[in-house]
Amino acid sequence: MAHCYYVDDLDVEAGDRVVLGPEDARHAATVSRARVGERVLVADGRGTLCHAEFAEVRPEVVLVVRTVRHEPAPTPRIGLAQALAKGDRAELAIQAATELGVDAIVPWQASRSIVAWKGDKSAKALARWRTIVREAGKQSLRAHVPEVLEVVDTASLAALASTWRLVVLDPTGDATLSTLEPDGRDMLLVVGPEGGIAPDELERLGGERVRMGPHVVRTSTAGPAAIAALAARWRW
């Protein structure tokens, strides 16, 4: 069962029929070459996960639900505040983070970010991040799609400490990732841009400064590596 399709408002039970939207229908019929009777997963991205099979492929793609289950969201949540980076580095980071189990993503306009999200560009970039995360969720068969929040500046990121446990990945930090233990709060990992987090931003962010190991890790690698390390200890 290698495919998962997301359907909003998936309020179904066994025996119900679900019609895929145009994009997913095209993928199922044209790319995956689905056949009647083949089984797939259908989810709403908020915890409902169904086993289903294709009942029709053309002109519409229709699935019949066979089983339904509801997966609780992981606790504590692990979020990623990813600094904007040039090229596709940040996009690679959020894609891999989604596959590895991140629960929320916060785009961060750091002072050293070369890329700037402004005006129409900000809306388009945010929409692209959400599409990347949704597609990565499908490929990794996730019942829960990570939320991608609005872009924040450093002051707004620091303010998230009221609801998140901020853990800043910093090569000069005294603590190590392996020493982190859950304390009941949701954790937000903060990853800087290519040039690192500016000293004044480190002070403004506060939180816990944690190094990952003896090497400096790229912005596209740091978040996924940290999430994998925490997931191996806390979830897997």
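All values derive from a computational prediction rather than experimental measurement.
- For E23, there are no salt bridge (Lys or Arg N to Asp or Glu O under 4.0 Å) partners, not counting sequence neighbours.
- Going from atom CZ of R33 over to atom OG1 of T30 covers 8.0 Å, rounded to the nearest 0.5 Å.
- Proximity of a side-chain donor or acceptor of T131 to a complementary backbone N or O of A127 within less than 3.5 Å is detected.
- Remark: E60 pairs with no residue by the salt bridge (Lys or Arg N to Asp or Glu O under 4.0 Å) rule, at least two apart or across chains.
- With a 4.5 Å cut-off on side-chain heavy atoms, D24 and V61 do not count as touching.
- L202 is listed as a side-chain neighbour of D170, based on a closest heavy-atom distance under 4.5 Å.
- Of all heavy-atom pairs spanning C4 and L141, the tightest one is CB-CD2, 3.6 Å.
- For the atom pair CD of E208 and CG of L177, the computed distance is 11.0 Å after rounding to the nearest 0.5 Å.
- V68 and L20 end up in the same hydrophobic cluster when Ile, Leu, Val, Met, Phe, Trp and Tyr side chains are linked at under 4.5 Å.
- Counting only heavy atoms from C-beta outward, the side chains of V40 and E53 never approach each other to under 4.5 Å.
- When all heavy atoms are compared, the tightest approach of A104 to W164 is CB-CH2, 3.9 Å.
- Among residue pairs with one or both ends in residues 86-104, those qualifying as side chain to side chain donor-acceptor pair (under 3.5 Å) are E91-R128, D103-R235; sequence neighbours excluded.
- Salt-bridge check for E181 with R233: passed, with a basic side-chain N closer than 4.0 Å to an acidic carboxylate O.
- The number of heavy atoms from other shown groups lying within 6.0 Å of CG (D200) is above 12.
- Proximity of V210 to V168: side-chain heavy atoms (C-beta onward) are nowhere separated by under 4.5 Å.
- Hydrophobic cluster membership of V19, counting Ile, Leu, Val, Met, Phe, Trp and Tyr whose side-chain heavy atoms lie under 4.5 Å apart directly or via other members: V62.
- Between the H144 side chain and the E71 main chain, a donor and an acceptor come within less than 3.5 Å of each other.
- Applying the ring pair (Phe, Tyr, Trp, His ring centres under 6.0 Å) rule to W117 yields the partners W129; only residues at least two apart in sequence or on another chain are considered.
- Separation of atoms CD1 (I78) and CE (M187) is listed at 7.0 Å; rounding is to 0.5 Å.
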- Message: Applying side chain to side chain contact (heavy atoms under 4.5 Å, CB included) to H27 and Y5, what does each step give before you reach the verdict?
- Response: CA-CA 10 Å; H27 183 275; Y5 297 99; 3.5 Å; yes

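- Applying the side chain to side chain donor-acceptor pair (under 3.5 Å) rule to S178 yields the partners T176; only residues at least two apart in sequence or on another chain are considered.
- Take R185 and apply the salt bridge (Lys or Arg N to Asp or Glu O under 4.0 Å) test, not counting sequence neighbours, and it matches D183.
- Across all their heavy atoms, V64 and A55 have their closest contact at CG2-CB, 3.5 Å.
- Side-chain contact check for V167 versus V190: every heavy-atom pair is 4.5 Å or farther apart.
- Among pairs with a residue in residues 64-94, none fulfils ring-ring contact (aromatic ring centres under 6.0 Å, His included), at least two apart in sequence or across chains.
- Contact record, V57 with A29: CG1-CB, 3.8 Å, taken as the closest heavy-atom pair.
- Using a 4.5 Å heavy-atom cutoff, the side chains of V106 and L80 are not in contact.
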- Message: What verdict does the side chain to side chain contact (heavy atoms under 4.5 Å, CB included) test give for L157 and L205, after you've listed the backbone C-alpha separation in whole Å, the side-chain angles of each residue and the deciding distance to 0.1 Å?
- Response: CA-CA 7 Å; L157 179 57; L205 288 173; 3.7 Å; yes

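- Residues satisfying the side chain to side chain donor-acceptor pair (under 3.5 Å) test with T221, not counting sequence neighbours, are none.
- Sorted by first and then second residue, the pairs that involve residues 210-219 and meet side chain to side chain donor-acceptor pair (under 3.5 Å), not counting sequence neighbours, are Q82-T219.
- Put simply, the side chain of T48 never gets that close to the backbone of D44: no donor and acceptor are under 3.5 Å apart.
- Here the shortest heavy-atom pairing between A93 and P224 reads O-CG, 3.5 Å.
- Both I227 and V191 are members of a single hydrophobic cluster when ILVMFWY side chains are connected at heavy-atom separations under 4.5 Å.
- The shortest side-chain heavy-atom distance between R165 and L180 falls under the 4.5 Å cut-off.
- Between T154 and W108, the side chains place a donor N or O and an acceptor N or O closer than 3.5 Å (distance only, hydrogens not considered).
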- For E147 and R134, what are the C-alpha separation, side-chain angles and deciding distance, and is it a salt bridge (Lys or Arg N to Asp or Glu O under 4.0 Å)? CA-CA 9 Å; E147 179 185 11; R134 186 176 176 90; over 6 Å; no

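- With values rounded to the nearest 0.5 angstrom, L166 atom CG is found 10.0 Å from L189 atom CG.
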Review item, side-chain donor-acceptor pairs of residues 8-17, under 3.5 Å, at least two apart:
residue: D16; atom: OD2; partner: E13; partner atom: N; Å: 2.9
residue: R17; atom: NH2; partner: E56; partner atom: OE2; Å: 2.6

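- W236 and A228 get closest at one heavy-atom pair: CZ3-O, 3.9 Å.
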- Worked verdict on E194 versus V115 for side chain to side chain contact (heavy atoms under 4.5 Å, CB included): CA-CA 11 Å; E194 298 94 324; V115 173; over 6 Å; no

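- How far CZ of R69 is from SG of C50: 9.5 Å, rounded to the nearest 0.5 Å.
- Taking 4.5 Å as the limit, every side-chain heavy atom of I105 sits out of range of all side-chain heavy atoms of L149.
- Listed by chain and number, the residues in a salt bridge (Lys or Arg N to Asp or Glu O under 4.0 Å) with R26 amount to none (sequence neighbours excluded).
- Of the possible polar contacts, one joining the Y6 side chain to the G137 backbone as a donor-acceptor pair under 3.5 Å is found.
- Note that the CD1 atom of I197 and the CG atom of L169 stand 7.5 Å from one another [nearest 0.5 Å].
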